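Note that the coordinates shown come from a computational prediction; the quantities given were computed from them, not determined experimentally.
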Amino acid sequence: SFVLDGTRETEGRTGWRTTRAHRQWQSVDLMMRTGEKKCFFKGVAALATVVAFASFPAIWSGTSRLSAGSIRTTISQPSFVSNCLNRNRNSFFGEKFERGTRPVVEGNRKKYVKAYVGASEDASILATEYRTHSCGELSEKDEGKTVTLQGWAQTLRDKGGITFILLRDRYGVTQATVLDDTPDHVRERAKQVRPECMVQITGTVKTRAPEFVNPNMETGKVEVIVSDVEILSRTASLPFSIADTGDEAKEETKLRYRFLDLRRQNMQRAMKLRHNAAMAVRNFLDGQNFLEIETPVLCRATPEGARDYLVPSRVHPGEWFALPQSPQMYKQALMVAGMDRYFQIVRCFRDEDLRADRQPEFTQIDLEMASVKSSDVMRIGEGVVRSIWKRCLDYEIPEIPQITYDEAMDRFGVDNPDMRFGMELQDITQHEVVKDSEFAPLQGVESVKAFVVKGGAKDTTRKILDSYTQFVKSYGLSGLLFGKITKDGVTGPFSKIADSDNLKPLLSTLDATEDDLVLLASGMASDVNSGLGRLRGKIGKDRDMAPNDKFAFVWVTDFPLLEFDEEQDRYVAVHHPFTSPLPEYREAILNTESKTEEIAASKSAAYDLVCNGFEIGGGSVRIHDKTVQERMFSLLGIDEKEAREKFGFLLDALAHGPPPHAGMAFGFDRLAMILAGAPSIRDVIAFPKTATASDLMSGAPSGVPKEQLDELFVKNTAEPKQLSEELSTT
């Protein structure tokens with residue numbers, strides 16, 4: 001009897017709009033067709049309400065021109081049930097039941113919501129009992145309307161008896177003007193308003209004169225002439241200014257009062273950006289037939305490389321859960337279960353030392369696919385980031401290049417290179433000038449590399465060069481050889497490699513000319529790569545070679561499968577024990593007589609996606625062959641008993657016909673940080689932890705009563721340390 005889709009609202013009997021039964025009816029169709037909730041149980045509940053109303057005519061007798069009998073007749077028709085529960089191939093009971101329902105098209109969202117709530121065509125979707133509009137949506141087309149706004153008072157000005165209040169919510173700012181002819185009691189209340197009080201105003205929208213238009217406000221062409229003001233709540237003294245950028249406040253203070261820090265515009269933009277990124281992920285993966293499936297938070301402790309957060313079990317005394325570092329084993333089990341395309345935006349936990357782009361609890365976009373190779377997963381991974389960048393920044397990502405791990409280490413010294421600038425490392429170990437040099441730092445070393453900072457000789461002081469030397473020492477190098485190229489020759493330790501005439505071929509190889517700065521290091525290959533690679537990234541940022549609004553993506557592939565741990569005197573997996581070797585290295589891995597060098601040279605079917613020097617995602621093809629998996633455990637020094645203890649249920653799953661499968665995960669917090677151009681992931685997380693893994697706002701972690709510990713059969717061996725030291729700084 002009616003149609004509700006992306007282009008049309010209801011058709012049929014207009015009297016239906018006022019009936020509760022009709023709204024529930026619409027709710028069923030809306031829910032099942034738009035994908036707003038994708039919840040079968042809510043759809044059934046709404047349908048049951050329609051049936052209930054149809055069954056009791058007295059309930060709504062006289063409230064509608066539509067009879068209960070006609071509702072019952074319509075509900076009984078197959079077309080109605082089909083429309084609600086099985087409209088097309090993508091519905092819950094359709095041929096492709098896993099797809100759910102049609103996703104909402106952004107441009108049609110407003111019509112869907114209006115049809116559901118029965119609002120008028122020109123009503124704001126943000127209208128509530130407290131407000132008719134938000135503080136960011138009024139414009140010239142609203143001239144003459146009586147509106148009610150609610151928000152925080154950002155600033156107040158009193159000029160000649162006229163009071164101006166800038167009212168702010170997360171949608172924007174609107175100027176409310178209390179004129180001198182406004183009733184005295186209203187003017188008096190307006191003068192009592194203070195910054196960050198919660199205020200409700202009612203008034204009439206008026207277009208500003210051209211000379212009073214504020215181009216810095218979305219609502220700058222209008223103002224609200226106030227007829228009533230109500231202070232809904234007042235505020236205590238503020239620890240920092242909300243209206244300003246807030247950067248002048250200490251980080252600890254902002255984290256202590258995070259609920260105030262989140263009011264600031266840049267933080268609200270970050271939260272909205274994060275939301276848009278999540279929606280882009282869900283919409284894209286839903287369109288690729290992925291299922292969003294939750295995995296457990298209370299898991300078995302497994303070796304993932306970092307320490308687990310442990311949770312004692314009251315029901316099972318002496319036994320412990322671990323919070324997941326990743327859903328790795330669960331998502332592989334889902335592949336065995338036939339859920340061939342899985343994803344979730346999931347919280348993960350790692351008890352490790354923190355840094356700017358690391359938190360003890362973090363969010364990742366986790367996905368796994370069956371019957372695929374690495375190229376298939378990488379294609380989906382590219383689709384994810386393209387969707388995010390398009391929705392959040394309206395940025396079209398160009399074709400993403402691919403380089404191998406070995407190429408990345410050779411050219412950039414690191415496996416997560418920043419490709420926004422050049423300054424690549426050059427291996428000069430075998431250069432004739434270096435080989436013939438008698439300079440001690442170049443004698444008997446494994447590797448000699450250098451890179452050139454164009455124009456760096458002119459503005460790099462000795463103090464800066466000394467800081468560079470200290471920087472590379474933290475990566476295992478003994479020092480740094482630098483040389484400034486001037487019109488009179490080469491200065492600095494680099495000049496000691498050879499005399500000026502013999503240096504010319506080396507400078508030519510390095511493409512170093514007048515006013516350039518050459519930085520050279522020698523030693524173990526791993527130390528040279530690490531030291532110069534990190535120094536390259538630091539100089540690129542220091543010299544503004546890497547602007548935040550420029551994005552450079554690169555895939556890094558073919559990582560080493562294993563690496564030898566000197567301390568443990570055994571091989572360890574570079575990624576995890578279930579990462580598959582590349583096909584060409586399979587025989588070397590399976591051959592028990594393979595030499596150590598052959599095993600060490602084996603490459604894995606692993607891949608990382610890097611953006612602006614950050615690894616934003618990574619994954620691998622998983623082992624689905626029992627023979628290869630057993631051999632991997634053997635190489636890692638894991639016997640059958642230990643493997644069963646650590647990976648029991650996954651081994652059981654992999655013994656029951658696993659399909660070839662692969663996957664990857666993205667660091668969602670890091671993605672949001674890059675999108676926002678923020679220096680730390682704390683700036684894009686609503687309630688982050690400090691560098692000491694503490695929550696200054698809530699006071700976590702904290703001690704708990706002895707009685708609670710006794711219930712868990714746990715005893716503290718150290719006195720709980722409260723956050724008093726950190727809180728006292730605020």
Item to check | Steps toward side-chain contact (heavy atoms from CB on, under 4.5 Å) verdict (Y607, V377) | outcome: CA-CA 10 Å; Y607 33 84; V377 181; 3.6 Å; yes
Are any non-hydrogen side-chain atoms of [X] and [Y] less than 4.5 angstrom apart?
X: H576; Y: R622; result: yes
X: V433; Y: I497; result: yes
X: R631; Y: I623; result: no
X: D261; Y: F240; result: yes
X: L519; Y: L465; result: yes
X: L535; Y: Y475; result: no
X: T429; Y: E446; result: no
X: Q430; Y: V434; result: no

Would you check if there is a donor-acceptor pair between the side chains of [Y] and [X] at a distance under 3.5 Å?
X: S474; Y: R534; result: no
X: D406; Y: T404; result: no
X: T509; Y: H431; result: yes

Heavy atoms of other groups near [X] [atom1], more than 12 under 6.0 Å:
X: K504; atom1: NZ; answer: no
X: K496; atom1: NZ; answer: no
X: E218; atom1: CD; answer: no
X: E399; atom1: CD; answer: no
X: Q443; atom1: CD; answer: yes

Next on the checklist: Could you check, using the six-membered ring where one of them is a Trp, whether Y395 and F551 have ring centers closer than 6.0 angstrom?
Outcome noted: yes
At what distance, to the nearest 0.5 angstrom, does [atom1] of [X] lie from [atom2] of [Y]?
X: L517; Y: T460; atom1: CG; atom2: OG1; value: 5.0 Å
X: T469; Y: L477; atom1: OG1; atom2: CG; value: 10.0 Å
X: E407; Y: M409; atom1: CD; atom2: CE; value: 12.5 Å
X: F412; Y: L532; atom1: CZ; atom2: CG; value: 13.5 Å

Counting only N and O atoms by type, is there a donor-acceptor contact under 3.5 Å from the side chain of [X] to the main-chain atoms of [Y]?
X: D376; Y: K373; answer: yes
X: K454; Y: M423; answer: no
X: R420; Y: P547; answer: yes
X: R536; Y: L425; answer: no
X: D516; Y: T513; answer: yes

Checklist entry - Going by the angle between their ring planes, with limits at 30° and 60°, are F559 and Y405 parallel, tilted or perpendicular? => result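 Because their plane-to-plane angle lies in the 30° to 60° range, the rings of F559 and Y405 count as tilted.
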Checklist entry - Checking salt bridge (charged side-chain N to carboxylate O under 4.0 Å, His left out) for the pair E352/R307: CA distance, chi angles, key distance, verdict? => result CA-CA 7 Å; E352 57 187 354; R307 289 182 293 272; over 6 Å; no
Checklist entry - Taking all atoms of both residues into account, what is the closest heavy-atom pair of S495 and G492, and its distance? => result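 What the structure gives for the nearest pair is OG-O, 2.6 Å.
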Item to check | Residue pair Y342 / Q344: nearest heavy atoms and the distance that separates them | outcome: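 Where Y342 meets Q344 most closely, the heavy atoms are OH-NE2, 2.9 Å.
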Item to check | All side-chain hydrogen bond (donor to acceptor under 3.5 Å, both in side chains) counterparts of D459, not counting sequence neighbours | outcome: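 Scan of D459 (side-chain hydrogen bond (donor to acceptor under 3.5 Å, both in side chains), adjacent residues dropped) gives R543.
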Next on the checklist: Under 4.0 Å between a side-chain nitrogen and a carboxylate oxygen: does that hold for D466 and K463?
Outcome noted: no
